[in-house]
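Start at 1 with the first residue, then count along the sequence.
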Amino acid sequence: MRNELRNKYLSRPRHNRYLNATGNDKNRAKRLYNANIRLAQATHPILTQFEVVLRNSLNIQLSSHYVDTDWIINQKHGFMRNNSLRHSNFFLKRSVQKTEDKLTRRGIPITSGKIISDQTFGFWIALFLGHHYSLIAGQPIHIFVNKPTTEDRASIYSKLDDIRNFRNRVNHCEPLCFNGNNIDCNEVLNIRTKLYQLIEWIEPEIIPFFESIDNIQSKVDNIMRI
């Protein structure tokens, strides 16, 4: 891509960060930019599959707690409308209703499965926020059956929120290969470590599946050789 096109469509300030990190070497900067894209691509498989595991685990737990496989529909009129949630504008209830309205507009039958699959990562980790967590008797933490005793709701939420923020950065095409002006992928590796910790605490036997779709380390290695 010609420099004028890169600066016009990808923005000069964005590209300048890569130039600064490579000592103004245009060829290295270009290689680093492209390698950062490949690193972002490499994070998607484990991020998306972790979200699937998290939401399904929470669905199983809450279905059991409420003895109701349609809890996500029926709890719109249960804990999701508790007056204590007014300060958060009934986030969970509104999220479920938004999906129901979308399905209705499209003429698609409303089912719990469709509603569950449509909720955001933010919806699921919000169950670990204190104002929701207390209303559902602390059920969310029980999906982490193998967690150390030192881990509690707050520490689990912190890890999940770090993963969510990182996922948002990936989706907004932000650089993943810097610490200040230095080439550094430690943030990516730290998020990967947290994600594997959480998977292990849910179900260690699915770790090999994640490892089979994970090529983050090779992309990091490529970046550090630039």
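Atom CG of Asn181 sits about 12.5 Å away from atom OH of Tyr18, to the nearest 0.5 Å. One finds the CG atom of Leu39 at 6.5 Å from the OG1 atom of Thr43 (value rounded to the nearest 0.5 Å). Residue Ile191 holds its CD1 atom at 12.0 Å from CG of Asn186, rounded to the nearest 0.5 Å. In this structure, NE2 on His132 lies 7.0 Å from CZ on Phe79, to the nearest 0.5 angstrom. Once rounded to the nearest 0.5 Å, the distance linking CG of Asn190 with CG of Leu195 reads 12.5 Å. Atom-to-atom distance recorded for Ile199:CD1 and Phe50:CZ is 6.5 Å, nearest 0.5 angstrom.
Note: the hydrophobic cluster containing Phe209 also contains Phe144 (ILVMFWY, side chain heavy atoms under 4.5 Å, direct or indirect links). Cluster membership for Ile216 and Ile206, using ILVMFWY side-chain heavy atoms within less than 4.5 angstrom, is shared. Clustering ILVMFWY residues whenever any of their side-chain heavy atoms sit less than 4.5 angstrom apart, transitively, puts Leu189 in the very cluster that holds Ile207. A continuous path of ILVMFWY side-chain contacts below 4.5 Å connects Ile37 to Leu47, so both sit in one hydrophobic cluster. Both Leu92 and Leu129 belong to a single network of hydrophobic side chains, linked directly or stepwise wherever heavy atoms of I, L, V, M, F, W or Y lie under 4.5 Å apart.
Residues Val145 and Glu203 fail the side-chain proximity criterion, which asks for heavy atoms closer than 4.5 Å. Considering only heavy atoms from C-beta on, Asp118 comes within 4.5 Å of Lys102 through its side chain. Using a 4.5 Å heavy-atom threshold, the side chains of Ile213 and Ile46 count as touching. You'll find the side chain of Asp184 stays beyond 4.5 Å of the side chain of Phe178, heavy atoms only. Using a 4.5 Å heavy-atom threshold, the side chains of Ile202 and Asn146 count as separate. Inter-residue side-chain proximity for Glu100 and Lys76 is flagged as met; some heavy-atom pair is nearer than 4.5 Å. Annotation: side chain of Ile163 is in contact with side chain of Leu198 (closest heavy-atom distance under 4.5 Å).
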* **side-chain contact (heavy atoms from CB on, under 4.5 Å) between Trp201 and Ile141, intermediate numbers included** => CA-CA 10 Å; Trp201 298 345; Ile141 204 166; over 6 Å; no
* Intermediate values then yes/no, side-chain contact (heavy atoms from CB on, under 4.5 Å), Gln75 and Tyr66 -> CA-CA 9 Å; Gln75 286 302 314; Tyr66 288 109; 3.5 Å; yes
* Asked: Does the pair Asn83 and Arg86 meet the rule for a side-chain hydrogen bond (donor to acceptor under 3.5 Å, both in side chains), with working shown?
  -> CA-CA 6 Å; Asn83 195 56; Arg86 188 175 299 277; 2.7 Å; yes
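For Arg17 against Pro175, the heavy-atom pair with the smallest separation is NH1-CG, 4.1 Å. Annotation for Lys114 and Pro109: closest pair CD-O, 3.6 Å, computed over non-hydrogen atoms. Here the closest non-hydrogen pair linking Ala137 and His65 is CB-CE1, 4.0 Å.
No donor-acceptor distance shorter than 3.5 angstrom exists from the side chain of Asn82 to the backbone of Leu85, with no hydrogens or angles considered. The backbone N or O of Leu32 lies less than 3.5 Å from no partner atom in the side chain of Asn36, so there is not a single donor-acceptor pair. With hydrogens and angles ignored, the 3.5 Å screen pairs no side-chain donor or acceptor of Glu200 with any backbone N or O of Pro204.
Around atom CZ of Arg81, no more than 12 heavy atoms belonging to other residues, nucleotides or ligands sit under 6.0 Å away.
For residues 152-170, the salt bridge (Lys or Arg N to Asp or Glu O under 4.0 Å) pairs, not counting sequence neighbours, are Glu51-Arg167, Glu151-Lys159, Asp161-Arg164, Asp162-Lys194, Arg169-Glu174, Arg169-Glu187. Applying the side-chain hydrogen bond (donor to acceptor under 3.5 Å, both in side chains) test to residues at least two apart or on different chains, the pairs with a partner in residues 214-226 are Arg192-Asp214, Tyr196-Asp214, Gln217-Asp221, Asn222-Arg225.
Under the side-chain contact (heavy atoms from CB on, under 4.5 Å) criterion, His44 pairs with Thr48, Val170, Asn171, not counting sequence neighbours. Residues that satisfy the ring-ring contact (aromatic ring centres under 6.0 Å, His included) test with His87, not counting sequence neighbours, are His131. Scored by the side-chain contact (heavy atoms from CB on, under 4.5 Å) test, Thr69 finds no partners at all (sequence neighbours excluded).
Checking Asn74 against Asp68 by side-chain atom types alone, a donor-acceptor pair falls below 3.5 Å.
Between Phe123 and Phe91, the ring planes are tilted. Angles from 30° to 60° get that label.
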Only pairs under 3.5 Å count here: list side-chain donor-acceptor contacts from residues 52-61, not counting sequence neighbours, and write none if there are none.
| from | atom 1 | to | atom 2 | distance (Å) |
| --- | --- | --- | --- | --- |
| Asn56 | ND2 | Val52 | O | 3.4 |
| Ser57 | OG | Val53 | O | 2.7 |
| Asn59 | OD1 | Ser63 | OG | 3.4 |
| Asn59 | OD1 | Trp71 | NE1 | 2.8 |
| Gln61 | NE2 | Gln139 | OE1 | 2.8 |

